[in-house]
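See below for the structure under consideration.
Throughout, a chain's letter reflects where its sequence line sits, starting with A, and its residues are numbered from 1.
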Amino acid sequence: MDFDLSEVQSMLKDGLDRMLANEYGFESRNAYMAEPEGYSQAMWNRYAEMGLMMLPFAEEDGGLGGDAEDIMLVMESFGRALVLEPWFATVVLGGGFVREGGNDAQRGELVPAIADGSLKLAFAHSERHARYDLAHVETTAEKKGDSYVLNGAKSLVLNGDTADKIFVSARISGDVRDEAGLCVFLVDADAAGLTRRGYRLQDGSRAAEVTLENVSVDSSRLFGPEGGAYPLIAKVVDQAVAALCAEAVGNMEAMEKLTVEYLKTRKQFGVEIGKFQVLQHAAVDMFIALEQGRSITMYATMMADSDDADERGRAVSAAKVEIGRGGRLAGENAIQLHGGVGMTMEYAIGHYFKRITMIDILFGDTDHHLSKLSGAGGLFEAA
Amino acid sequence: MDFDLSEVQSMLKDGLDRMLANEYGFESRNAYMAEPEGYSQAMWNRYAEMGLMMLPFAEEDGGLGGDAEDIMLVMESFGRALVLEPWFATVVLGGGFVREGGNDAQRGELVPAIADGSLKLAFAHSERHARYDLAHVETTAEKKGDSYVLNGAKSLVLNGDTADKIFVSARISGDVRDEAGLCVFLVDADAAGLTRRGYRLQDGSRAAEVTLENVSVDSSRLFGPEGGAYPLIAKVVDQAVAALCAEAVGNMEAMEKLTVEYLKTRKQFGVEIGKFQVLQHAAVDMFIALEQGRSITMYATMMADSDDADERGRAVSAAKVEIGRGGRLAGENAIQLHGGVGMTMEYAIGHYFKRITMIDILFGDTDHHLSKLSGAGGLFEAA
Amino acid sequence: MDLRFTDEENAFREEVRAFFREALPKDIYDAMIHGEYPDKDGLVRWTRILNEKGWAVPHWPEEWGGTGWDPMKQYIFLEELQKFPCPAPLAFGVNMVGPVIYTFGSEEQKKHYLPRIANLDDWWCQGFSEPGAGSDLASLKTRAVREGDHYIVNGQKTWTTLAQYADWIFCLVRTDTQAKKQEGISFLLIDMKTPGIEVRPIITIDGGREINEVFFTDVKVPVENLVGQENKGWDYAKFLLGNERTNIARIGMSKQRIARIRELAAKEMSGGRPLIENPRFMEKLVSVEIDLKALEMTQLRVVSADAKRGNTGKPDPASSILKIKGSQIQQATTHLLMEVMGPYAMPFQHDTGQGWNEPPIGPDYAAHAAPSYFNNRKVSIYGGSNEIQKNIIAKAVLGL
Amino acid sequence: MDLRFTDEENAFREEVRAFFREALPKDIYDAMIHGEYPDKDGLVRWTRILNEKGWAVPHWPEEWGGTGWDPMKQYIFLEELQKFPCPAPLAFGVNMVGPVIYTFGSEEQKKHYLPRIANLDDWWCQGFSEPGAGSDLASLKTRAVREGDHYIVNGQKTWTTLAQYADWIFCLVRTDTQAKKQEGISFLLIDMKTPGIEVRPIITIDGGREINEVFFTDVKVPVENLVGQENKGWDYAKFLLGNERTNIARIGMSKQRIARIRELAAKEMSGGRPLIENPRFMEKLVSVEIDLKALEMTQLRVVSADAKRGNTGKPDPASSILKIKGSQIQQATTHLLMEVMGPYAMPFQHDTGQGWNEPPIGPDYAAHAAPSYFNNRKVSIYGGSNEIQKNIIAKAVLGL
């Protein structure tokens with residue numbers, strides 16, 4: 001076991017952190033958010049230049065051969081800077097389907113386009129009554145000759161409003177909440193019958209409602225087995241959750257730093273408020289939540305590429321729970337310790353708090369994953 | 001609504017508190033515990049002289065006509081002093097069956113004997129696999145002519161080792177966990193076929209295992225309807241739980257007082273430890289738990305005599321939950337704030353902690369009552 | 001000791017409910033049920049309906065429009081108001097400056113201001129907090145210098161709630177810079193139309209405009225706008241801040257939110273069943289309900305003790321926990337309400353001051369859930385943070 | 001970065017497990033599984049089995065019996081030891097005074113004491129705490145006055161764990177009363193058979209005798225029993241207290257307790273079904289498991305960082321949380337274990353020093369549950385309370 005970064009990883013992390021420190025200050029981020037896409041195309045290009053887009057793809061496909069640990073490093077850095085660009089949607093979610101579900105031809109076509117930054121992806125899966133149930137899909141796929149016809153409504157598609165192509169889950173057989181019977185297709189965003197309505201989320205990032213009315217997709221656009229895509233979806237989502245946990249660790253790190261700085265500079269009753277023992281301990285509780293969150297995220301990351309769906313799912317759920325409750329504690333303490341200024345849009349701390357609150361909701365909240373893990377038997381076996 | 005004590009109540013409370021302050025110091029209590037019965041017969045006689053035994057019985061039966069609020073006052077005082085004598089077993093539990101389930105003849109026989117202190121009672125109900133399920137009774141009652149024959153094993157009978165007569169629940173029909181089919185009998189402790197094994201509980205109070213082998217009881221000893229005793233049992237137990245909550249409030253009051261005193265006198269690093277803000281806030285958390293516990297106990301007390309089993313049960317479960325979690329917080333904080341000395345038998349604080357821990361277990365722990373209340377629909381209705 | 005409501009109290013509760021059912025305009029009810037505060041026009045309309053009924057300022061002296069209700073009835077009225085839910089009358093007028101004026105103000109001030117407050121003819125806001133002061137309120141720096149029959153006020157206030165609507169502001173200003181910090185403070189009433197006052201919005205993290213900064217540059221305030229004596233303002237401020245005990249726990253509001261959680265959790269599905277049937281969710285909700293029931297009893301103990309003493313004596317020690325537990329319960333319930341929405345808590349569906357005119361993303365009741373969770377983080381910060389409250393209990397109640 | 005155990009590490013873990021399976025006497029295992037610590041005879045037997053294998057003092061220098069394992073292997077060994085569960089070797093010897101002796105002691109001291117510690121020929125106890133000192137350890141008052149080639153020791157120690165079995169005690173004593181409190185302290189080794197030493201039991205709230213008071217009246221200690229230099233004892237004490245990082249979180253012990261909870265919750269019935277099938281119970285248990293898994297990773301990060309630095313450098317900031325979270329998890333699991341027993345946690349079934357020879361009340365595994373919950377309240381108190389730990393983090397890590 002070895003927790004140290006490799007030389008390449010250190011270079012990646014340091015380079016990215018340095019760039020974000022220069023280019024992604026709080027004011028810059030506000031400016032990026034105000035751009036039409038809701039993020040900065042210029043920054044997107046910078047990431048592509050750095051090779052971030054090709055990071056987790058196999059070298060033979062034109063990638064850098066990175067793994068879940070490399071994704072973790074990027075997401076942590078992005079979490080520290082509250083990055084808005086759709087790297088998660090494109091590389092982790094979309095790229096996950098390409099990597100884990102794409103055949104040679106599909107990978108050969110898509111990886112280069114992802115790698116150079118010219119292709120943005122999204123994943124349209126959630127539906128109105130699915131809540132956090134991954135198997136709940138009402139959208140239908142019907143086979144017609146060499147094509148499939150899709151009908152349905154997808155909700156909360158992260159960065160779906162600016163994606164070029166969208167992975168869409170649909171049901172070809174089975175009941176609404178069956179794991180069997182699911183397919184995943186890659187659909188062009190401008191396909192006939194596909195409409196999108198983009199909007200902002202609470203944290204300033206963007207999503208879209210996507211409606212599919214008799215959208216025809218060629219069978220070459222099917223990823224994974226027809227009717228058997230659930231394991232693929234589960235794996236990509238598990239990897240995505242591990243990545244989001246890493247982003248939350250970045251959030252928590254930034255909140256801890258901002259809060260401790262604030263405690264050292266803000267004075268009340270004639271002394272820095274950081275001299276009050278109760279506030280010190282509240283900051284220590286944030287620190288503990290951060291370090292425990294970092295640890296469990298490493299554990300989930302270690303398991304994220306595993307093909308043992310049960311073991312992988314348990315590790316990922318454990319991390320989502322620990323990050324969910326630790327993130328809430330850290331966020332709420334951060335606001336409380338900042339007092340009134342923490343409640344305002346003009347201070348960064350509230351934006352971290354909102355982001356980490358959204359991360360708890362994404363792909364299942366704390367309670368959902370605690371129930372799931374509990375139903376799966378927990379983490380440790382009986383003697 | 002009026003929270004003030006009546007004149008009679010004030011006299012009762014003040015008199016009892018004064019007597020206990022004089023006679024029930026920590027050393028005295030240890031001496032009482034070492035007596036053969038595990039408590040002081042002399043103190044028992046004092047309570048009888050004060051009229052405590054006759055408190056909750058109707059005036060026409062020879063009682064004082066007190067109600068649940070009066071029981072609350074006594075139990076709070078007992079909780080402050082960690083009283084060991086079997087007033088709860090005799091007057092609240094046993095007396096509850098007499099009051100709520102006894103016919104004229106039964107009340108006429110028993111109330112005077114309870115009132116003068118000559119009769120001690122107990123309630124034998126719990127069984128090995130019942131856990132906290134009130135309807136789980138395996139002990140059987142079989143009708144034979146004018147008698148019933150009882151067979152079974154009862155567990156954790158509070159003060160069952162020194163009781164003169166014991167209320168015993170038994171099943172005359174139905175399945176093990178059915179509410180229907182239960183009876184309650186009053187059995188002489190020296191009845192043929194009844195054996196007892198007494199022992200001490202963690203908090204120094206006493207209980208017994210009671211075995212019934214072909215114990216014959218006359219049908220005049222049946223309390224409440226044959227086969228229909230569940231509502232009677234539920235009511236007496238609800239009243240008992242409300243009384244235990246009041247005892248816990250007394251425990252918490254004493255712990256708060258001892259702890260605050262300790263914080264004011266104990267010095268470390270050259271100052272009283274009560275000057276450390278974190279310890280102050282931990283004491284405040286105890287204070288909040290105490291006041292919230294007092295409030296919810298008042299609510300349960302207000303409902304304890306109600307014949308609406310659903311409403312009464314919800315109020316009582318709510319109180320048991322709030323007392324359970326508040327009591328745990330108060331007890332654990334009290335030990336933590338005392339440090340090492342709190343861990344020793346020679347300090348009173350640990351004995352309060354143990355008592356309040358046992359109160360959580362008695363008649364269903366925090367989780368049990370939270371589930372029960374939740375299953376019953378909670379406390380507030382939807383709009 | 002009698003822990004039940006009297007028949008008279010129950011009848012009064014019914015009377016109050018019946019009036020609300022009949023009198024609250026539907027548009028205002030609809031806004032309230034969605035977790036929005038009504039706009040200025042709505043609150044003015046509602047306050048005038050209450051005032052016509054004679055219920056706009058129940059706790060005031062009868063001479064100035066009070067109802068003469070005992071503290072228990074006042075509590076019942078407030079609880080029902082919040083539970084219905086009706087908008088609360090503007091606190092800055094009826095709970096804050098109003099009692100200061102009828103207790104410490106001149107006859108002229110009483111006659112002029114009190115009826116206008118009761119009828120919401122004047123919208124008041126509060127000028128206490130300043131940048132950098134936080135919980136250390138008395139460290140305020142805004143100066144008022146006497147020149148002839150005016151004070152000249154210079155300085156800055158912040159966290160000024162709803163100042164954008166305000167006609168008047170009551171301010172703590174420093175009139176003596178030599179005295180120690182609690183002394184040398186005065187209590188001034190300032191017309192917001194006076195030249196030299198500028199209001200700038202502060203947008204909170206939920207995206208709303210509720211608070212503002214207020215800047216004073218050479219603002220001329222007539223000396224007759226001084227309340228009570230010069231340099232005694234801190235006493236009046238303490239009186240004002242101590243007046244909060246019947247409302248600070250917001251029992252009725254939390255009851256209303258719990259009812260809303262139950263209603264919506266019966267609509268949202270989880271694993272093919274209504275969320276309300278999920279035992280874990282239900283136990284979390286019930287767990288808060290228990291806390292709230294305990295707090296309600298605590299509140300009633302305080303109200304009852306006030307009633308006994310004619311509302312003049314030292315507060316019941318239990319009263320100090322109302323703010324702490326009340327805010328914790330408000331925060332727990334807003335988080336639960338957000339949880340009910342599941343993923344639909346995520347879309348940001350309101351724009352500052354403009355409303356949201358597009359069709360909703362997901363259910364039409366989800367928009368305010370996350371903003372309300374974010375916004376309610378304030379309740380453990382303002383009015384003396386919960387840390388300050390615990391300091392107060394440690395010192396005043398426990399003697400530490 | 002490679003977050004998986006190496007093949008070598010996995011093989012080592014198997015080797016350790018296999019040895020424990022073969023070597024741990026059954027009577028000791030039975031005591032451990034019921035939550036009891038073995039008696040003196042049991043621990044001596046077990047230590048000698050380990051010592052024969054060469055595993056009694058793995059972390060010591062190889063010259064004195066250490067194994068040369070890297071920190072990761074040492075951690076694996078300890079975790080498996082606790083998880084099995086085997087008794088841990090007596091910490092006062094192998095983890096406390098042993099390292100002090102091989103680091104600061106004279107050659108004679110090393111040669112004499114170290115082999116006897118490894119073989120548990122000498123049972124050591126710790127004489128640091130004094131009445132009234134609490135977390136302020138350096139305020140100790142026990143005096144040692146040099147007279148010829150002896151020190152004369154007078155004073156009192158307390159919280160002395162298992163002193164009733166002890167052959168030797170290592171003590172902090174004050175040798176200079178003029179210096180400030182951390183200076184003027186020396187580290188003495190004292191034979192418990194020396195005249196003038198009296199041991200009195202302290203019974204803890206769980207009813208057990210684990211700790212004692214130790215009184216010193218004119219106790220003559222040869223000067224060669226001084227470790228290192230006079231008046232430098234505080235440095236050695238800090239070294240000793242800082243040596244706890246691989247064991248303080250007690251990961252293996254908590255894992256073992258969780259396994260036990262799972263096993264017994266499958267036996268105890270609730271509502272006609274095994275308690276382990278109750279979703280609420282299971283979620284509470286799993287909630288602690290998640291915390292424990294996170295802490296295990298935190299522990300491994302610390303161990304791995306130690307390995308990189310050869311165990312000499314500044315500790316990883318994460319190490320400071322091991323004590324806090326470790327103790328919280330121990331306390332949560334002992335409470336859960338008590339909950340499993342339901343009403344059968346209530347009977348008091350052991351008597352100080354005498355065992356319990358009667359048939360059990362209820363199931364035969366319930367007796368230790370409540371006492372263990374009571375007893376484990378100590379883990380957030382001793383060795384620097386959790387409040388002190390947080391002060392340390394605030395200062396040393398956060399710079400507050």
Specify which of [options] makes the most heavy-atom pairs with chain C at under 4.5 Å.
options                      : answer
B/Arg314, B/Glu256, B/Met302 : B/Met302
B/Thr297, B/Leu370, B/Leu5   : B/Leu370
B/Ile296, B/Leu290, B/Asp285 : B/Ile296

Where is the tightest heavy-atom contact between [X] and [Y], given as atom of each residue plus distance?
X        : Y        : value
C/Met282 : B/Gly378 : CE-N, 4.1 Å
C/Ile290 : B/Leu379 : CA-CD1, 3.8 Å
C/Leu398 : B/Lys264 : O-NZ, 3.1 Å
B/Arg325 : C/Asp291 : NH2-OD1, 3.6 Å
C/Leu400 : B/Lys275 : C-NZ, 4.0 Å
C/Ile321 : B/Phe287 : CG2-CE2, 3.6 Å

Side chain / backbone / both / neither for [X] at chain C, heavy atoms under 4.5 Å:
X        : result
B/Asp67  : neither
B/Gln292 : both
B/Ser371 : both
B/Val321 : side chain
B/Met72  : side chain
B/Glu272 : neither

Taking side chain as everything from C-beta outward and backbone as N, CA, C, O, which of these in [X] sits under 4.5 Å from a heavy atom of chain B? Side chain, backbone, both or neither.
X        : result
C/Ile324 : side chain
C/Gln389 : neither
C/Lys395 : neither
C/Lys83  : neither
C/Glu289 : both

Any chance [atom1] of [X] has more than 12 other-residue heavy atoms, nucleotides or ligands included, within less than 6.0 Å?
X        : atom1 : result
C/Asp7   : CG    : no
B/Tyr347 : OH    : no
C/Lys284 : NZ    : yes

Chain B: which of C/Pro279, C/Ala294, C/Ala394 shares the most heavy-atom pairs with it under 4.5 Å? C/Ala294
Could you tell me the separation between the [atom1] atom of [X] and the [atom2] atom of [Y], rounded to the nearest 0.5 Å?
X        : Y        : atom1 : atom2 : answer
B/Gln280 : C/Asn391 : CD    : CG    : 6.5 Å
B/Phe380 : C/Lys255 : CZ    : NZ    : 5.0 Å
B/Thr301 : C/Met297 : OG1   : CE    : 8.5 Å

For B/Leu373 and C/Glu283: C-alpha separation, side-chain torsions, deciding distance, then whether side chain to side chain contact (heavy atoms under 4.5 Å, CB included) applies. CA-CA 8 Å; B/Leu373 177 56; C/Glu283 287 183 11; over 6 Å; no
Do C/Arg301 and B/Glu291 meet the salt-bridge criterion of a basic N to acidic O distance under 4.0 Å? yes
